[in-house]
Amino acid sequence: MTVTFYRSLWGPLGFDGDISGLPAICQETVRRGFAGVETNPLLLGKDPDEARKVIEDHGLKFLARAHTLGRTVEEHVGWMKRCVDLASLFGSPHVIVQSGADWFTDAQIDQYFAAANEIEAASGLRLAHETHRSCILYSPRETARVLDRFPDLWLASDYSHWVIVTESLLEMVGPTLERCAPRTIHIDARVGSAEAPQVGDPRTAPETPAFDGYWDQIHAETPGDLTVVPEFGPPPYEPTGAADRDDICQWMVSHLRDRWSL
């Protein structure tokens, strides 16, 4: 099993899609020891081939993230498909998808994931559906319900969302974490608390050992290769007085490499 660490173009960079700064971003990404960059490819300007060439010229890989939007299931599926089509062009190993909306009914959830499975089959790319607030998989309970109906779903696990939703460190949802671990192919390695999506400094935060345990479980049980993004973001995610985001993200990579003897 291979673990590959990608640098988010949202978190430490505040990336806005203007690819004129992409060469410098890639140079810094290489210097900091990441294998690639991660973002929604729809944000990479009007000429995706140009962005792809810049990334490849720096010897970096690309990991795609999709954000779905809209008032209907069809609109959400449309956003997902456009991103997946571009992800194939960039050679993404899979696609992280912030899927659907927390207000979807059971019928809409079924419709959405049926369409996602068709897109996955047609593209040849696995879709890793993210445990993310405001999305279908916003809570442990809802995710367990979805896995009952769609046990073959792949997951992108970001438990910084769940600790807020449950206002806990997930002590009471161990069986759901056990179900999610072998279905997870991507981790967003961000430490949150019961009241905030992001701690100021994971190097000293009392919540970090709990997150280490979640991630260790996934690392031990994921059935194949694993991608990891230390996704510490800008304000309003970033609390006042937080440590430098680039330093935090680089520390997180070293921290997990040491834990997993990589």
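In this chain, residues are counted from 1 in sequence order.
- Between Asp212 and Arg259 there is a salt bridge, since a side-chain N of the basic residue sits under 4.0 Å from a carboxylate O of the acidic one.
- Using a 4.0 Å cut-off between a side-chain N of Lys or Arg and a carboxylate O of Asp or Glu, Arg245 and Glu238 qualify as a salt bridge.
- Closest non-hydrogen pair, Gly33 versus Arg257, comes out as O-NH2, 4.5 Å.
- Rounding to the nearest 0.5 Å gives a distance of 5.5 Å between CG of Leu147 and CG of Leu155.
- Here the CE atom belonging to Met172 is positioned 11.0 Å from the OG1 atom belonging to Thr166, to the nearest 0.5 angstrom.
- Here the closest non-hydrogen pair linking Ser92 and Leu63 is OG-CA, 3.6 Å.
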Quiz: residues 80-88 side-chain donor-acceptor pairs under 3.5 angstrom, not counting sequence neighbours:
unit_1, atom_1, unit_2, atom_2, d
Lys81, NZ, Asp85, OD2, 3.0
Ser88, OG, Val84, O, 3.3

Go through Arg52 and Leu44 one step at a time and tell me if the side-chain contact (heavy atoms from CB on, under 4.5 Å) criterion holds. CA-CA 9 Å; Arg52 177 183 56 80; Leu44 290 174; over 6 Å; no

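- Across every non-hydrogen atom of Leu256 and Trp215, the tightest pair is CD2-CE3, 3.8 Å.
- Remark: Leu137 CG to Thr143 OG1 distance equals 4.0 Å, nearest 0.5 Å.
- The only option from Arg190, His186, His132 that meets the side-chain hydrogen bond (donor to acceptor under 3.5 Å, both in side chains) definition with Asp158 turns out to be Arg190.
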Yes or no on side-chain contact (heavy atoms from CB on, under 4.5 Å) for Ile109 and Arg149, after CA distance, side-chain angles and deciding distance? CA-CA 10 Å; Ile109 290 172; Arg149 304 203 296 281; 3.3 Å; yes

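- Rounding to the nearest 0.5 angstrom, the gap separating the CD atom in Glu142 from the CD1 atom in Ile136 is 8.0 Å.
- Taking 4.0 Å as the cut-off between side-chain N and carboxylate O, Arg179 and Asp148 count as a salt-bridged pair.
- Taking every heavy atom of both residues into account, Leu127 and Ala116 meet most closely at CD1-O, 3.6 Å.
- For Trp103 and Tyr138, the ring centers are positioned 6.0 Å apart or more.
- Under the rule for a ring-ring contact (aromatic ring centres under 6.0 Å, His included), the partners of Phe113 that lie at least two apart in sequence or sit in another chain are His129, Phe150.
- Within a 6.0 Å sphere centred on CZ of Arg141, other residues, nucleotides and ligands contribute 12 heavy atoms or fewer.
- Taking the side chain as every heavy atom from C-beta outward, Phe211 and Val163 approach each other to under 4.5 Å.
- Between Trp260 and Phe5, the ring-plane angle classifies as parallel under the 30° and 60° cut-offs.
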Derivation and outcome, side-chain contact (heavy atoms from CB on, under 4.5 Å), residues Leu9 and Glu38: CA-CA 6 Å; Leu9 299 190; Glu38 173 269 325; over 6 Å; no

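- Between the side chain of Asp225 and the backbone N or O of Thr2 there is at least one donor-acceptor pair closer than 3.5 Å.
- Of all heavy-atom pairs between Ile164 and Ser160, the closest is CG1-O, 3.5 Å.
- A salt bridge links Glu231 and Arg65; the closest N-O separation between the charged side-chain nitrogens and carboxylate oxygens is under 4.0 Å.
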Give the intermediate values and the outcome of side-chain contact (heavy atoms from CB on, under 4.5 Å) for residues Glu28 and Arg7. CA-CA 10 Å; Glu28 180 67 7; Arg7 190 178 186 218; 3.6 Å; yes

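- Between Thr184 and Leu226 the shortest heavy-atom distance is O-CD1, 4.1 Å.
- Between Ile187 atom CD1 and Tyr214 atom OH the span is 12.5 Å, to the nearest 0.5 Å.
- Side chains of Tyr112 and Ser99: a donor on one and an acceptor on the other come within 3.5 Å.
- Between Arg145 and Asp106 there is a salt bridge, with a side-chain nitrogen of the basic residue lying less than 4.0 Å from a carboxylate oxygen of the acidic one.
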